[in-house]
Student: 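Have a look at this one before I ask anything.
Start at 1 with the first residue, then count along the sequence.
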Amino acid sequence: LTTSSSRQRQHRRHRRSSTTTTTTTTSSSAAHAFVIPSFAADGVVEPLQLKPGSTFIGRKTFGIADKRVSRKQVEIFWDGKSSHVVFTPKGTNNCTVTRRADRRHPLLPPRDKPLTLDDGDQFGLVGPDYVCSIEVEVITCGALPAAVATTTTTTTAAAT
């Protein structure tokens, strides 16, 4: 004979719950980019900190009175994360580009043709005049927890 209490035990449902913790990690980085003039048009040399996106550099940027330099002589694009910038000459007078690795052979990039510049590269706004340096620094910190999400899953199983 089976008693009613033993039947209840056999048909009783048990609940199991488990907690799953998911941790997503990303590495955090900070980046800074500057255009540093090697001349002092008004007696003061101030670096120009680039913001993510496009920045135009011309005679108004550093107080240059020389009319050979247009107001938008070059465009510099920086994505805010990478260790290089994209340099595009826009003015009617030629710019020069000198790579850090090869200072003896300056380049004459054509107008509206983008060129990638790295940390330490230089450009002249009008030929070799009004030289500016590119300085890009990317600092990568270790992996940091970006988000922690906790999910509770409940499963029900019948005991036999």
Side-chain angles (χ1 to χ4, degrees), residues 16-155:
R16 282 182 296 170
S17 65
S18 62
T19 303
T20 306
T21 303
T22 306
T23 304
T24 306
T25 59
T26 60
S27 58
S28 174
S29 65
H32 306 282
F34 294 92
V35 173
I36 303 170
S38 62
F39 57 90
D42 56 3
V44 179
V45 176
E46 287 286 327
L48 173 67
Q49 184 169 6
L50 298 175
K51 295 177 182 168
S54 289
T55 301
F56 286 93
I57 295 176
R59 69 173 173 256
K60 302 267 184 183
T61 309
F62 297 116
I64 301 169
D66 191 338
K67 297 282 186 177
R68 295 179 302 157
V69 179
S70 70
R71 287 177 293 237
K72 293 184 176 183
Q73 185 71 15
V74 299
E75 177 183 10
I76 296 181
F77 177 82
W78 182 53
D79 65 5
K81 299 177 277 190
S82 62
S83 62
H84 62 271
V85 298
V86 178
F87 170 88
T88 308
K90 295 290 187 179
T92 54
N93 291 314
N94 287 338
C95 296
T96 57
V97 170
T98 308
R99 300 286 187 190
R100 183 170 98 184
D102 187 10
R103 296 269 188 232
R104 288 182 271 158
H105 299 97
L107 306 171
L108 293 169
R111 185 176 179 185
D112 291 323
K113 182 156 171 63
L115 184 65
T116 300
L117 299 183
D118 296 312
D119 181 52
D121 290 347
Q122 296 178 337
F123 63 91
L125 289 174
V126 177
D129 297 335
Y130 309 109
V131 174
C132 298
S133 296
I134 297 293
E135 183 178 300
V136 182
E137 181 180 33
V138 178
I139 302 167
T140 304
C141 301
L144 301 173
V148 177
T150 304
T151 309
T152 303
T153 307
T154 305
T155 55

Student: To the nearest 0.5 Å, what is the distance between CD (Q73) and CZ (F56)?
Tutor: 12.0 Å
Student: For side chain to side chain contact (heavy atoms under 4.5 Å, CB included), just list the numbers for V74 and T88, CA-CA rounded to whole Å, side-chain angles, deciding distance to a tenth of an Å, and then say yes or no.
Tutor: CA-CA 6 Å; V74 299; T88 308; over 6 Å; no
Student: Please find the pair of heavy atoms, one from F34 and one from H32, that lie closest to each other, and give the distance.
Tutor: CE1-CB, 3.9 Å
Student: Would you compute the distance between atom CZ of R68 and atom OG1 of T92 and round it to the nearest 0.5 angstrom?
Tutor: 11.0 Å
Student: Any chance you could measure I36, atom CD1, to E135, atom CD, to the nearest 0.5 Å?
Tutor: 4.0 Å
Student: About how many Å separate CD1 of I64 and CG of L125, when rounded to the nearest 0.5 Å?
Tutor: 5.0 Å
Student: What are the two closest non-hydrogen atoms of C132 and F62, and how far apart are they?
Tutor: SG-CE1, 4.0 Å
Student: For T116, enumerate each residue passing the side-chain hydrogen bond (donor to acceptor under 3.5 Å, both in side chains) test, keeping only those at least two apart in sequence or located in another chain.
Tutor: none
Student: Could I get the full list of salt bridge (Lys or Arg N to Asp or Glu O under 4.0 Å) partners for D79, not counting sequence neighbours?
Tutor: none
Student: Measuring from atom CD1 of I76 to atom CD1 of I134, what distance do you get when rounded to the nearest 0.5 angstrom?
Tutor: 4.0 Å
Student: What residues form a side-chain contact (heavy atoms from CB on, under 4.5 Å) with S38, not counting sequence neighbours?
Tutor: V131
Student: Considering residues at least two apart in sequence or located in another chain, which fulfil the side-chain contact (heavy atoms from CB on, under 4.5 Å) criterion with T61?
Tutor: L48, I57
Student: In chain order, what residues pass the side-chain contact (heavy atoms from CB on, under 4.5 Å) check against E46, with sequence neighbours excluded?
Tutor: V44
Student: Under the side chain to side chain contact (heavy atoms under 4.5 Å, CB included) criterion, do V97 and L117 qualify, and how do the steps go?
Tutor: CA-CA 9 Å; V97 170; L117 299 183; 3.5 Å; yes
Student: Partners of R71 by side-chain contact (heavy atoms from CB on, under 4.5 Å), sequence neighbours excluded?
Tutor: R59, K60
Student: Could you go through residues 104-114 and list every donor-acceptor pair under 3.5 Å that involves a side-chain atom there, pairing it with any protein atom two or more places apart or in another chain?
Tutor:
| residue | atom | partner | partner atom | Å |
| --- | --- | --- | --- | --- |
| H105 | ND1 | D102 | OD1 | 3.0 |
| H105 | ND1 | D102 | OD2 | 3.1 |
| R111 | NE | K90 | O | 3.0 |
| R111 | NH2 | K90 | O | 3.3 |
| D112 | OD1 | K90 | NZ | 3.2 |

Student: Please find out if less than 6.0 Å separates the ring center of F123 from that of F87.
Tutor: yes
Student: Between V126 and N94, is a side chain to side chain contact (heavy atoms under 4.5 Å, CB included) present by the stated rule, with each step listed?
Tutor: CA-CA 6 Å; V126 177; N94 287 338; over 6 Å; no
Student: How far apart are the closest heavy atoms of S54 and F77, and which atoms are they?
Tutor: OG-CD1, 3.6 Å
Student: Sequence neighbours excluded, which residues qualify as side-chain hydrogen bond (donor to acceptor under 3.5 Å, both in side chains) partners of S133?
Tutor: Q122
Student: By salt bridge (Lys or Arg N to Asp or Glu O under 4.0 Å), which residues pair with D119, not counting sequence neighbours?
Tutor: R100
Student: For S70 and G91, which heavy atoms make the closest approach, and how far apart are they?
Tutor: OG-CA, 3.8 Å
Student: Among all residues two or more places apart in sequence or in another chain, which pass the side-chain hydrogen bond (donor to acceptor under 3.5 Å, both in side chains) test with N93?
Tutor: none
